[in-house]
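Structure first, commentary second.
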Amino acid sequence: MENQKSKIKNQKLFITGAQVAVQACIDAGAQMMYGYPITPGTEVFTGWIEAQKNYLQTEDEIAAGFAVCGAVIAGQKAFTATAGPGHTLMQDGFSMAEGMRLPFVEIIAQRGGPSSGTVIYSQQEVILACLGGNGEGMRIVYSPANLDEVYELTRHTFNNAWKYRFPSILLTDGYMLKTRGIVDFSKFANLKNVDSYPLIKEGEAKHWRNIYTFEEELYDELQNQKKDFEQVRNEIAVAEEFETADAEVLLIAHGLVASACKQAVGELKLQGKKIGLWRPITLRPMDVKSLNKTVAKVKQVLIVESSLGQLARLIKDELDPELKVKITYLQKPAMGIEVEEIVDRINNIL
């Protein structure tokens with residue numbers, strides 16, 4: 001697909017995270033959105049509609065998910081956005097996309113659970129995003145920590161979904177999408193769209209298989225997908241290391257919580273504390289080499305998250321079992337975590 005130039009590529013705008021995400025979808029060359037309104041992700045849907053783009057409001061999130069699957073097979077660069085219970089329902093179509101290697105793009109605004117829970121904020125959809133559905137979790141999951149990353153990682157979500165043929169998620173939250181801030185779009189002028197659209201050429205016939213008769217057939221297919229996914233890990237897994245060179249205590253966090261942790265590190269460094277931050281930008285696949293290399297240098301790790309250990313589960317799964325490091329936790333499910341809380345916890349540890 002020819003790269004679509006943003007009409008605001010040289011502008012600096014004071015806009016919300018949802019507006020940033022919509023602009024990123026437009027600039028990614030998205031042609032169609034299928035969705036169902038749900039707080040706190042509705043503004044992605046309404047923003048897309050206000051931009052006078054093609055859309056279909058389906059009867060529910062299940063229908064929206066399967067509509068995206070059908071659309072990308074038929075030749076559309078389509079996507080969806082949802083949150084919480086909608087994300088749960090979307091796993092049906094998303095799992096099929098995973099099995100069929102379809103470039104399913106989904107923007108998620110996490111909200112507190114279980115069930116309808118709260119409609120504002122949480123980090124409780126990490127496991128659902130990374131490992132949900134009846135499959136092995138061969139999908140790409142990005143976790144932005146600021147508005148600039150909402151734009152940049154949305155573009156990467158589209159590009160890598162279409163380049164590698166794995167369904168891909170931008171995992172954000174209600175605070176991020178409703179926050180208003182200044183975004184300088186000139187910084188992203190060099191971002192390009194991958195030339196991998198559509199899936200098949202006009203007139204070409206292809207069998208998109210989504211069911212297997214024998215267990216051995218599916219086993220062989222999953223082995224091939226696992227091989228491809230590990231190659232994806234080497235090419236796109238990315239993390240941020242902040243002030244880790246001389247750190248004795250390492251904070252691990254993602255998304256907005258990582259932004260609070262970065263501020264906390266700055267305050268603690270002024271106090272003479274040897275503190276660093278390791279932040280996974282891709283939750284799936286995770287940058288395992290960077291994680292283990294960084295953890296190997298420290299005496300203690302504090303995992304900070306707005307859930308009861310969902311990030312911790314992913315981290316512990318990827319840590320080298322030979323590493324002897326003490327791990328502690330700051331967990332506040334469905335709650336924002338303030339810089340002062342992180343500073344106090346580190347001072348208590350030290």
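Bear in mind the structure is a predicted one, so any value in this text is a computation, not a measurement. Positions are given from 1, in the same order as the sequence printed here.
Nearest approach of F188 to D184, heavy atoms of both residues: CE1-O, 3.7 Å. Closest of all the heavy-atom pairs between A145 and M176 is C-CE, 3.5 Å. Closest approach of D27 to N193, counting heavy atoms only: O-ND2, 3.1 Å. Here the closest heavy-atom approach between residue M100 and residue W208 is recorded as CE-CB, 3.3 Å. Nearest approach of L283 to C130, heavy atoms of both residues: CB-SG, 3.8 Å. In terms of heavy-atom proximity, I107 sits nearest to A21 at CD1-CB, 4.3 Å.
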Practice task
In sequence, state the C-alpha distance, the side-chain angles, and the governing distance for V68 and L102, and then conclude on side-chain contact (heavy atoms from CB on, under 4.5 Å).
Solution key: CA-CA 9 Å; V68 173; L102 300 178; over 6 Å; no

Handout entry: Derivation of the side-chain contact (heavy atoms from CB on, under 4.5 Å) call for E43 and K178
Key = CA-CA 8 Å; E43 287 86 351; K178 294 178 184 297; 2.8 Å; yes

Practice task
Report the C-alpha distance between L302 and I252 in whole Å, list the side-chain angles of each, state the deciding distance to 0.1 Å, and finish with yes or no for side-chain contact (heavy atoms from CB on, under 4.5 Å).
Solution key: CA-CA 6 Å; L302 174 65; I252 296 181; over 6 Å; no

Exercise for the section: Walk me through it: do I275 and L350 pass the test side-chain contact (heavy atoms from CB on, under 4.5 Å)? Expected result: CA-CA 10 Å; I275 309 295; L350 295 175; 4.2 Å; yes

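Using a 4.5 Å heavy-atom threshold, the side chains of Q231 and Y164 count as separate. Contact annotation: the side chain of I26 approaches that of W48 to within less than 4.5 Å [non-hydrogen atoms, C-beta and beyond]. Looking at heavy atoms from C-beta onward, L330 lies out of side-chain contact with L251 at the 4.5 angstrom threshold. The shortest distance between side-chain heavy atoms of H87 and E106 falls below 4.5 Å. The closest side-chain heavy-atom distance from S306 to I337 is below 4.5 Å. Side-chain contact between L311 and P280 is present, with at least one heavy-atom pair separated by less than 4.5 Å. The shortest side-chain heavy-atom distance between K226 and M138 falls under the 4.5 Å cut-off. Counting only heavy atoms from C-beta outward, the side chains of V298 and V249 never approach each other to under 4.5 Å.
Taking OG1 of T282 as the start and CG of L171 as the end, the distance is 12.0 Å to the nearest 0.5 Å. Note that the CG atom of N146 and the NZ atom of K262 stand 7.5 Å from one another [nearest 0.5 Å]. Separating the CG atom in N234 from the CG atom in D287 is a distance of 9.5 Å, to the nearest 0.5 Å. Between the CD1 atom in I108 and the CG atom in L170 there is a gap of 9.0 Å [rounded to 0.5 Å]. Taking CZ from F66 and OG1 from T58, the interatomic distance works out to 12.0 Å, rounded to the nearest 0.5 Å. With values rounded to the nearest 0.5 angstrom, T328 atom OG1 is found 7.0 Å from I346 atom CD1.
E235 CD: more than 12 foreign heavy atoms inside a 6.0 Å radius. Crowding of I120 atom CD1: a count of heavy atoms from other residues, nucleotides or ligands under 6.0 Å not exceeding 12. Taking a 6.0 Å sphere around CE of M335, one finds it holds 12 or fewer heavy atoms contributed by other residues, nucleotides or ligands. Shown here is N348, whose CG atom has more than 12 heavy atoms of other residues, nucleotides or ligands within 6.0 Å. Within a 6.0 Å sphere centred on CZ of F214, heavy atoms belonging to other residues, nucleotides or ligands number 12 at most. For I211, the CD1 atom sits in a loose shell: 12 or fewer heavy atoms of surrounding residues, nucleotides or ligands are nearer than 6.0 Å. Other residues, nucleotides and ligands contribute more than 12 heavy atoms inside 6.0 Å of the OH atom of Y212. Other residues, nucleotides and ligands contribute only 12 or fewer heavy atoms inside 6.0 Å of the CD atom of Q52.
Counting only distance, with no hydrogens or angles, the side chain of R111 and the backbone of G117 share no donor-acceptor pair below 3.5 Å. Between the side chain of E125 and the main chain of G84, a donor-acceptor pair closer than 3.5 Å is present. Remark: side-chain polar atoms of Q11 are not paired, donor with acceptor, to backbone N or O of F185 under 3.5 angstrom. Distance alone, capped at 3.5 Å, is enough to place a donor-acceptor pair between the Q310 side chain and the V126 backbone. At least one donor-acceptor pair closer than 3.5 Å links the side chain of T16 to the backbone N or O of Q19. Y197 contributes a side-chain N or O that, together with a main-chain N or O of G75, makes up a donor-acceptor pair within less than 3.5 Å. The closest donor-acceptor contact from the side chain of Q123 to the backbone of H254 lies under 3.5 Å. Formation of a donor-acceptor pair under 3.5 Å by the S168 side chain with backbone atoms of F166 is found in this model. In this structure, the side chain of R139 engages the main chain of A129 through a donor-acceptor pair within 3.5 Å. Of the possible polar contacts, one joining the Q31 side chain to the K77 backbone as a donor-acceptor pair under 3.5 Å is found.
Partner of D246 under the salt bridge (Lys or Arg N to Asp or Glu O under 4.0 Å) criterion, chosen from K274, K269, K297: K269. F104 pairs with exactly one of Y34, F94, W162 by the ring-ring contact (aromatic ring centres under 6.0 Å, His included) rule, that one being F94. Under the salt bridge (Lys or Arg N to Asp or Glu O under 4.0 Å) rule, R279 has a single partner from E243, E240, E305, which is E240. The side chain to side chain donor-acceptor pair (under 3.5 Å) with Y142 is formed by just one residue from the set T157, T172, N160; it is N160.
Classified by interplanar angle (parallel below 30°, tilted 30° to 60°, perpendicular above 60°), the ring pair F158/F79 is perpendicular.
Hydrophobic cluster membership is shared by L131 and I169, with clusters built from Ile, Leu, Val, Met, Phe, Trp and Tyr side chains linked at under 4.5 angstrom. In terms of hydrophobic clustering, with Ile, Leu, Val, Met, Phe, Trp and Tyr side chains grouped at heavy-atom distances under 4.5 Å, V257 and V339 are assigned to a common cluster. L268 is connected to I349 through a chain of hydrophobic side-chain contacts under 4.5 Å among Ile, Leu, Val, Met, Phe, Trp and Tyr, so both are in one cluster. Tracing side-chain contacts under 4.5 Å through hydrophobic residues (I, L, V, M, F, W, Y), one reaches V325 starting from Y329; they form part of the same cluster. Transitive grouping of hydrophobic side chains (ILVMFWY, heavy atoms separated by less than 4.5 Å) brings I315 and V141 into a common cluster.
No hydrogens or angles considered: nothing links the side chains of T244 and W278 as a donor-acceptor pair under 3.5 Å. There is no side-chain donor-acceptor pair under 3.5 Å between Q263 and E267.
Under a 4.0 Å N-O distance rule, the pair R233/E230 qualifies as a salt bridge. One finds no salt bridge joining R165 and D228 here, because no Lys/Arg side-chain nitrogen approaches an Asp/Glu carboxylate oxygen to under 4.0 Å. Between K332 and E341 there is a salt bridge, with a side-chain nitrogen of the basic residue lying less than 4.0 Å from a carboxylate oxygen of the acidic one.
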